Amino acid sequence: MIRILIVDDHPILRAGLKTLLSENADMKVTGEAGSGTEAVKMVQHADYDIVLLDVTMPDMNGVDALKQIQRHRPDLPVLMLSMHPEEQYAINLLRSGASGYVPKEGAPEQLVTAIHTVMKGRRYVSPAVADLLAADLGGYGNQPLHTTLSEREFQIFCKLAAGQAVSEISADLHLSVKTVSTYRSRVLGKMNMKNNADLTYYAIKNGIIQ
């Protein structure tokens, strides 16, 4: 039996996922969390085989929640769910250690396939993400600018775009202010932008933040 933790701030969506997954004899939703913070606590006190984690949540974005879950349970697979198109998040989240990425508007069969794939010890990559990865390997070309960022750069980019100050990010990630400032400079340089306002505009335009 695959024990599943669903993490999403919308109760109706959690209920829908639970109903969908209950139709599979080998799956059982054994936990539900309405925030990233709650999910991090739950994985420390209960055993799950896989986490279905929403990318966009009010208290903690999916990237931070993924990192904290990995810190406490490094072997626990995390499958990311999002309302955003795959090209906006998939590459960066896979680099960050996610086991796969499934759009919320995808067919129910896609989620079930993704769970079974991940439980076999593999990463789930949809045909669309496979194309993105192939383009990524061949050079960035027309790929979105944020896909050029490293794992840590993308995490800091999301925080800067959401309006967090360097000092706040420093405290959140347990990094020095100088280190965060260095990452900020790298992000701005790679994305050919001048300031945080440019990052915020880009993130909103590309659906990375709301």
Side-chain angles (χ1 to χ4, degrees), residues 1-10 13-57 59-133 136 147 149-152 154-155 158 173:
M1 183 66 67
I2 301 172
R3 299 165 298 177
I4 301 170
L5 170 62
I6 297 175
V7 187
D8 195 290
D9 59 313
H10 295 97
L13 193 141
R14 294 201 306 271
L17 286 174
K18 189 172 183 179
T19 299
L20 166 67
L21 297 173
S22 68
E23 296 174 359
N24 298 271
D26 62 339
M27 297 181 187
K28 184 176 183 180
V29 175
T30 56
E32 296 181 46
S35 69
T37 302
E38 185 181 1
V40 172
K41 292 178 180 178
M42 290 179 70
V43 299
Q44 295 178 67
H45 298 103
D47 289 326
Y48 303 100
D49 297 309
I50 188 170
V51 177
L52 305 185
L53 178 62
D54 184 22
V55 170
T56 308
M57 291 179 290
D59 73 318
M60 181 188 298
N61 68 50
V63 180
D64 287 349
L66 171 64
K67 283 298 168 193
Q68 291 204 31
I69 289 172
Q70 290 174 328
R71 187 177 302 126
H72 296 290
R73 293 283 307 279
D75 298 324
L76 180 61
V78 180
L79 189 60
M80 308 301 293
L81 304 178
S82 178
M83 61 184 289
H84 302 297
E86 289 157 302
E87 65 268 16
Q88 293 177 348
Y89 269 108
I91 298 294
N92 296 92
L93 289 170
L94 288 169
R95 284 181 185 153
S96 296
S99 299
Y101 184 97
V102 179
K104 287 183 179 178
E105 73 266 15
E109 295 80 8
Q110 183 181 12
L111 178 58
V112 172
T113 297
I115 292 172
H116 282 143
T117 299
V118 169
M119 292 313 301
K120 292 176 183 176
R122 295 153 45 198
R123 286 191 176 187
Y124 174 75
V125 178
S126 70
V129 173
D131 288 343
L132 290 173
L133 288 169
D136 191 45
T147 63
L149 302 177
S150 71
E151 173 186 336
R152 180 66 88 180
F154 181 68
Q155 185 179 25
C158 289
L173 302 182

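The shown structure was predicted, so the numbers you read here are calculated from the model rather than taken from an experiment. Note: hydrogens, waters and symmetry copies are ignored here, and every other heavy atom, side chains too, is used.
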| Criterion side chain to side chain contact (heavy atoms under 4.5 Å, CB included) on Asp26 and Met119, from CA distance to verdict | CA-CA 11 Å; Asp26 62 339; Met119 292 313 301; over 6 Å; no
| field | Shortest non-hydrogen contact between Tyr101 and Val55, atoms and distance | value | CE1-CG2, 4.2 Å
| request: Give the minimum heavy-atom separation between Arg95 and Leu149, together with the two atoms involved. | output: NH1-O, 2.9 Å
| request: Taking the side chain as every heavy atom from C-beta outward, state whether Leu52 and Ile115 have any atom pair closer than 4.5 Å. | output: yes
| note | So CG of Leu81 and CD1 of Ile6: to nearest 0.5 Å the spacing works out to 8.5 Å
| field | Exercise: identify the closest heavy-atom pair between Gly36 and Asp59 | value | N-OD1, 3.3 Å
| task | Over all heavy atoms of both residues, which pair between Leu5 and Glu32 is shortest? Give the atoms and the distance, please. | result | CD1-N, 3.7 Å
| message | With rounding to the nearest 0.5 angstrom, report the CG to CG distance, Asp64 to Leu173. | response | 6.0 Å
| field | Exceeds 12 heavy-atom contacts within 6.0 angstrom, atom NE2 of His72 | value | yes
| request: Please tell me if the side chains of Met42 and Thr30 come closer than 4.5 Å, counting only heavy atoms from C-beta onward. | output: no
| request: List the steps and the verdict of side chain to side chain contact (heavy atoms under 4.5 Å, CB included) for Ile2 and His116. | output: CA-CA 9 Å; Ile2 301 172; His116 282 143; 4.1 Å; yes
| Ala98 and Leu66: which non-hydrogen atoms are nearest, and at how many Å? | N-CD2, 3.9 Å
| Would you say Pro103 and Gln110 make side-chain contact, with heavy atoms under 4.5 Å? | yes
| Say you draw a straight line from CE of Met60 to CD of Glu38; how long is it, rounded to the nearest 0.5 Å? | 11.0 Å
| task | Spell out, as yes or no, whether a donor-acceptor pair under 3.5 Å connects the side chain of Asn61 to the backbone of Cys158. | result | no
| field | Heavy-atom pair of closest approach, residues Asp54 and Ser82 | value | OD1-CA, 4.4 Å
| field | Any side-chain heavy-atom pair of Met27 and Val112 under 4.5 Å | value | yes
| said: Working to the nearest 0.5 angstrom, can you tell me the gap between Met83 CE and Leu13 CG? | reply: 10.5 Å
| query | How long is the gap from OG on Ser35 to CG on Asp8, to the nearest 0.5 Å? | reply | 11.0 Å
| query | Is there a side-chain contact between Leu111 and Leu79, using heavy atoms and a 4.5 Å cut-off? | reply | yes
| Reported CG-to-NZ distance for the pair Asp49 and Lys28, which is rounded to 0.5 angstrom | 12.5 Å
